[in-house]
Amino acid sequence: MNKFFAQRLHLDIWLVLGILALCILGLVTLYSASGESMEAVTRQAVRMAIAFAGMLVLAQLPPALLSRWSVWFYVFSLLLLALVLVMGEMAMGARRWLDLGPLTFQPSELLKIAVPMVLAGYFGHRTLPPNLYQVFLAAIVVLVPVGFIAVQPDLGTAVIVTVAGFTVLFMAGLSWRLMIGIALMGVAFLPVMWFYFMHDYQRNRVLTFLDPETDPLGTGYHIIQSTIAIGSGGLHGKGWLNGTQSHLDFLPERSTDFIFSVFSEEFGLMGVLVLVSLYLFIIARGLYIAARAQDTFGKLLAAGLTAIFFVYVFINIGMVSGQLPVVGVPLPLVSQGGTSMVTIMAAFGFMMSIHTHRRLLSH
Amino acid sequence: MPPEFVFKDTDRESRLIHRRILFTGGVILLLMVLLVSRIAYIQIVRHDHFTTLSQDNRVKILPVAPTRGLIYSRDGVLLAENQPSYNLELIPERINNLDRTIERLGQIVAIDQNDVDRFYDTLKRIRRFERVPLRLNLTDAEVARFAVRRHEFPGADVSARLKREYPLGELTSHVIGYVGRIDKNDQKRIDLANYSGTSHIGKTGVERSYEDQLHGKVGYEQVEVNAAGRVLRVLDRTPPVSGKNVRLTLDISLQRAAQEALSGRRGSIVAIDPRNGEVLAMVSNPGYDANLFVDGIRPAIYNALRDSPDRPLFNRALMGQYPPGSTLKPFVGLAGLEYDVRVPDTDTWCPGWFSLPNSSHRYRCWKKHGHGQMNLNEAIAQSCDVYFYSLANDLGIERMHEFLERFGFNKKSGIEIGPESDGNVPSRQWKKRVYGQPWYPGETVIAGIGQGAMLATPMQLASATAILANHGKVVTPHLLEETYDPVSGEVIKDYEPKESRIELTEPADWGRIEQAMRDVVHGDRGTARRIGQGADYEIAGKTGTAQVIGIAQGEEYDEETVLERHRDHALFVAYAPVEEPRLAVAIIVENGGSGSGTAAPMARAIFDHALMKTDD
C-alpha cells in the first residue's frame, strides 16, 4: 500500500527514509552548532522542506524528457556560468554568484547536474564502449565548465563536476588504458596548475594541509582545532550540546563546512559510524537504482549523480579531519545552507524519476 | 559526424555498466573505510592526546572592540563621549549554583533585584559560554573588593569597557539619539564579524545614521586562556581601528537658546543656515535623557516616558505633523503671482468672511469685522484670511499642490536622521486614495490658510522658509559638518551639498513676498511688529495660528474657556537678516495660543543670539 503510494508519487521510499534520517541528524547537530538557535534550525528546516518539494517536482519528469532536454540544459547552464564571469557578484575574493533581485544563486551548481546528464544523454544513444573521438568530445564537455569554475575560483565545485563527468565516462566503458593515460596527464598537469592557475590562498591551503603546524593561527588553525574536536570526542562523544571546542568558539565555520567536527565531538565514533552508514546506505541505493535502470541513459545518469553525492561526503569529511585540503565543500544534507541542499535534492529527484518511471516490459 | 548504424547490443552494454557499477561501489566502500579508520584512529588511539589538547586549549582569538568615535558640535562642545566603566560579568556554564553565587557576590558589591532580573532576562537570549553582565558601573571600591576575592568566584569576572555618555542629556537627545545593546534586528543590518567585540550600536538619531563612521573596525587578540576561560596573557594583537569622530553643524549655544525659549512648553524649533542647509538648532521639547537608554532602560521609567501626555520620546521636529496655518500664506501668495491669479497691487475686499458662490457657509477671517481693502502685501503682513480664501479658490487645489511640493512639502526633508514624516499637501488624488471621496471646493478654501488636511513638520517649514530666504535656491537640511580621524585629525568626509533651484517666471516676485514678510515684522500693522522693535537687523517672518479643534458656525473661540490641550498651536517662520539671510527658523508651540504672541518672540530671542553674537 505504502509502496504503491510512493510509486504513484514517483518517490523511492528507501532514498526518502535515508534523506529524512540525515536531515534530522543535521537539524539536531545544527541546534548545537548554532549556539542553540531555534531560529537557525527553523530556517534550515524550511530550506529542507523547499528542497524536498523541488525533489518531488523533478521526480515527476520522465527520463525520456530529461534525455531529450539534456543538451539544452547543459548549454543554458554554461551560458549562465559565462555570465557569472562577466557580471557576477564578488564575495570573499571569488566571483561565483549571480544576483537575480531577491535571489542569488551559483550557476556552477547547475553544472553538477548538467554535465552528467548531457554525457548520459550522449552515450545513451551511442554504442558502448565509446571510441577515442567520443571520449575526446566528452572530455571537452567536462573540461570547459570545469575551466570556467576553476577561474572563479571554486576548487571544490570544479572537483565535483570533474568527478561527475568522469564517472559517467567510466560507466560508459572507458577503456582502462585510456583511463591510465588520462590519470598520468592529470598528474603531469598538477605542477602547471600549481604555478600558473592557483591563487595564493589555494596554495596556502594545500601547504598547510601538508603541514598544519607551520601556521597554527592562520589557515592551519581550522584544521588543528577541527582535529582536536574530533579526537576529543572519543568513542561515545562529549554529549549533545556539550562540545567545548564548538561552544567555546574554537571551531570555525561550525554550522556550515565544519559541522562534522561538532557532530564527532559530541557524538563520538559511534555517531560517526551511524552517520557514515547512512551515507553509505544512500550511495548503495543510488548504485542499485543505476543497476536496475531500464536504459543506458538512466544507468549512466543515476551512477553519475550518486558519484557526486559520494564526492561531497568524502571531501567534506576528509577535509575537516585533516586528510584532504580545505576546499569548502559542505556535508550534504547536514551543513547549514540552501545552495548545495537544492542541488543534492534535485539529484535525488532525478534518480527517483529514473527508478519509478518504468515502461512495462511484457514477459 | 555521419550517423552510425551499428547494432546496439543492449545486453552486452548492460553487463559492461553493471561491472563498472560494482567496481565503483567497491572503490567507494574502500575509500570510506579508509576515511573512517583515520577518524577511528584519531578518536580511539589518540583520544587521550586530543582530550588533553582540548582541555587546555589555550590559544583563543578574542575580538577587540574599536573605540566609538566622539560627536562634537560645530562650536566644539562634546555631545557624545566614552567613559570607562567596570561591569561584573558571569559565565553561567562555569558556575554550579547561580543563585548562590549571586547571593555571595551581593556581599561584596551591591546587587539589587533589578540587576538580578535583568541578568536572568539577558541569560535567556544569550549563547552558551557567553559572558552575561550582572552589575554595571561598579565603583572603584567594589572593583578592588572583588579583585581580592576573585579566586572564590570561578566564572565571574570584572570587565572594563567604555560606556557611551551624553553630557548634555535632554538638550541633544532628539538629534544625537542613543546607542543600545545589539539586538536581533540590528544583527540584520551589520557585518557580524566587524561587530564581534561590540556590544552596543547606534539605535536612533546621529548615532544610528552615522553608525558606519562612528563604529570603526574590530581588532583581534590572540590570548592564552586557562581551562576556566580566563585570559592569562596576550600573545599577539591586531589593534582595532577607532571610529571616526563626527562634527555636527549644530550650534550648541543656539540649541540651548532655542530650548530655553521653549522651556516649559511643548513644541519644536528648527534653525537652519539657508546658504548651505546646515542645521544649527533642532529642538523638540520636552526631550529625554538619552543616557537612560544606553544600558537598557528600566521598564518603569520607559513606561512613564512613553505614556507621558507631553510625549518626550516623540521627535516633533521631524515627526510632528502640524497644520502650518498662516505660515503657509507667503507660499500660497507666491503661487498666486506665479500663476498670474493675482497681481501685486490689486485689492480684495475683506468683510470679515468669505463665501463660495451659491453657498451660505461663511469662512471667517480672524479679524471679526474684516480688513477692508487688501492687496497681497497687506494680506500677508496683516494675515488676512479672506484674501487667501479667495486666492486659493481661484488657484484650485491642484496648482497649490504642485507649487507647494516644489518647496519640499509633502515629502521628507532628506536630513540624515530619521524617522521623518512626509507631512501632507492634499489633492484630489490624495482624497480619493485615502478617503475614497471626491474633493470639495470648501477644502481648497481652508487649504489656502494652511488648515484642513494640510500638514507640515517643523523641519519642512524651516527648509521651505530657507528657500524663500534664498529666493529659490533649494538646500537640503543636514547635520553633518565632517567626519575626521581622531588620531591624525585628517578629514575623512565632508558633507556634499545637493543644490537645486526653483525658477519663477517673474523672479521679482521673490522680492515682493520678502517685502511682505518684512512688513509682518517691521510694517506698521504687521502681525509680528512687536518683535521688530529695537532690532538691529531686519527680519522677514510670518506668524501662524493653527486651530486644534473646529469652531462651529456662529461660535467664537475664547482662549480662556477652551481646554489647554485644545488651544491653538502657535507658529512662526522667519529668516534674517533680510539683506543677507544667515538663519531661517521655524517655531511651533503646541497649544501656545497665537503665533504673534507666543512663537514670534522666541524667534527674536534666537535671532538676537545668533546674529548679535558674531558682532561682539
Side-chain angles (χ1 to χ4, degrees), chain A residues 34-37 39 125-129 133 167 170-174 216-217 221 224-225 227-235 238 241 244-245 247-250 264-265 268-269 272-273 276 279-280 283-284 287-288 290-291 293 295-296 299-300 303 306-307 310 313-314 317-318 321-323, chain B residues 1 4-10 12-14 16-25 27-29 31-36 38-55 57 59-63 91 93 126-130 184 196 220 222 225 227 229 235-236:
Chain A
S34 62
E36 295 169 48
S37 156
E39 197 193 338
H125 296 292
R126 303 287 182 293
T127 316
L128 301 184
Y133 167 80
T167 307
F170 172 72
M171 295 286 168
L174 178 64
L217 286 170
Y221 179 83
I224 293 173
Q225 293 300 342
T227 317
I228 292 177
I230 297 172
S232 63
L235 184 61
K238 296 177 184 171
L241 302 181
T244 50
Q245 283 290 105
H247 286 296
L248 286 176
D249 281 346
F250 285 107
S264 341
E265 185 185 17
L269 184 61
V272 172
L273 288 176
V276 170
Y279 281 125
L280 278 175
I283 290 165
L287 292 179
Y288 173 77
D295 55 13
T296 310
K299 285 179 196 295
L300 295 181
T306 306
F310 163 71
V313 177
F314 186 74
I317 298 183
S321 56
Q323 308 179 61
Chain B
M1 188 169 112
E4 287 178 74
F5 289 103
V6 182
F7 177 67
K8 207 166 154 68
D9 183 348
T10 329
R12 204 176 69 91
E13 284 186 8
S14 269
L16 166 71
I17 296 177
H18 286 175
R19 275 203 310 276
R20 297 253 159 146
I21 286 175
L22 222 56
F23 179 83
T24 308
V27 170
I28 287 177
L29 194 63
L31 286 173
M32 284 298 233
V33 166
L34 282 175
L35 201 63
V36 173
R38 165 79 187 169
I39 288 170
Y41 169 76
I42 297 174
Q43 291 195 307
I44 305 298
V45 182
R46 312 236 14 223
H47 175 58
D48 290 343
H49 168 72
F50 283 115
T51 302
T52 319
L53 278 186
S54 128
Q55 266 168 9
N57 206 333
V59 181
K60 255 188 103 166
I61 294 179
L62 293 180
I91 301 172
E93 283 78 8
I126 226 147
R127 297 200 319 206
R128 287 168 72 86
F129 294 98
E130 210 167 300
K184 286 216 165 97
S196 50
Y220 288 97
Q222 284 165 13
V225 294
L235 301 174
D236 191 15

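Chain A is the first sequence line, chain B the second, and so forth, proteins listed ahead of strands; every chain is numbered from 1.
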Which atoms of A:Ile283 are under 4.5 Å from chain B, going by heavy atoms: the side chain, the backbone, both sets, or neither?
side chain

Out of B:Leu22, B:Ile44, B:Val45, return the one with the most heavy atom pairs under 4.5 angstrom to chain A.
B:Ile44

Between A:Pro129 and B:Arg12, the two heavy atoms sitting closest are CD-NH2, 3.8 Å

Smallest separation among heavy atoms of B:Leu34 and A:Gln323, with atom names
O-OE1, 4.3 Å

A:Lys299 to B:Ser14 - nearest heavy-atom pair and separation:
CE-OG, 3.4 Å

Could you please spell out the steps behind the side-chain contact (heavy atoms from CB on, under 4.5 Å) verdict for B:Glu13 and A:Thr127?
CA-CA 8 Å; B:Glu13 284 186 8; A:Thr127 316; 4.0 Å; yes

Please name all residues satisfying side-chain contact (heavy atoms from CB on, under 4.5 Å) with A:Tyr288, sequence neighbours left out, ordered by chain then number.
A:Arg285, A:Arg292, A:His355

Looking only at A:Ala290, A:Gly318, A:Gly234, most heavy-atom pairs under 4.5 Å shared with chain B are made by A:Gly234

Spacing of B:Asp48 atom CG and A:Ser232 atom OG [to the nearest 0.5 Å]:
11.5 Å

Which answer fits A:Ser264, side chain, backbone, both or neither, if we ask what part of it has an atom under 4.5 Å from a heavy atom of chain B?
both

I need the minimum non-hydrogen distance between B:Ile21 and A:Ala291, along with the two atoms involved.
CD1-N, 3.6 Å

Nearest-0.5 Å distance, OG1 of residue A:Thr296 to CG of residue B:Leu16
9.5 Å

Counting only heavy atoms closer than 4.5 Å, note whether A:Ser37 contacts chain B via side chain, backbone, both or neither.
neither

Within the distance-only criterion (no hydrogens, no angle test), does the side chain of B:Arg38 pair as donor or acceptor with the backbone N or O of A:Gly322 below 3.5 angstrom?
no

Among A:Ala293, A:Ala307, A:Ala303, A:Gly268, which residue has the highest count of heavy-atom pairs closer than 4.5 Å to chain B?
A:Gly268

I need the A:Lys238 NZ to B:Ser54 OG distance, nearest 0.5 Å.
3.5 Å

pair B:Leu35-A:Val313: side-chain heavy atoms closer than 4.5 Å
no

Relative to chain B, which segment of A:Ala284 carries a heavy atom at a distance below 4.5 Å: side chain, backbone, both, or neither?
neither

Say you draw a straight line from CE of A:Met171 to CZ of B:Arg19; how long is it, rounded to the nearest 0.5 Å?
12.5 Å

For the residue pair A:Leu280 and B:Ile28, establish whether any side-chain heavy-atom pair is separated by less than 4.5 Å.
yes

Would you mind checking which part of A:Phe310 comes under 4.5 Å of any heavy atom in chain B, side chain (CB onward), backbone (N, CA, C, O), both or neither?
side chain

Check the pair A:Thr306 / B:Thr24 against side-chain contact (heavy atoms from CB on, under 4.5 Å), numbers first and verdict last.
CA-CA 10 Å; A:Thr306 306; B:Thr24 308; over 6 Å; no

Does a side-chain heavy-atom distance below 4.5 Å link B:Gln43 with A:Leu235?
no

Is there a donor-acceptor pair under 3.5 Å between the side chain of B:Arg20 and the backbone N or O of A:Phe170?
yes

Suppose we screen for side-chain contact (heavy atoms from CB on, under 4.5 Å). Which residues come up paired with B:Val36, at least two apart in sequence or across chains?
A:Leu273, A:Val276

Reported OH-to-CG distance for the pair B:Tyr41 and A:Leu269, which is rounded to 0.5 angstrom:
14.5 Å

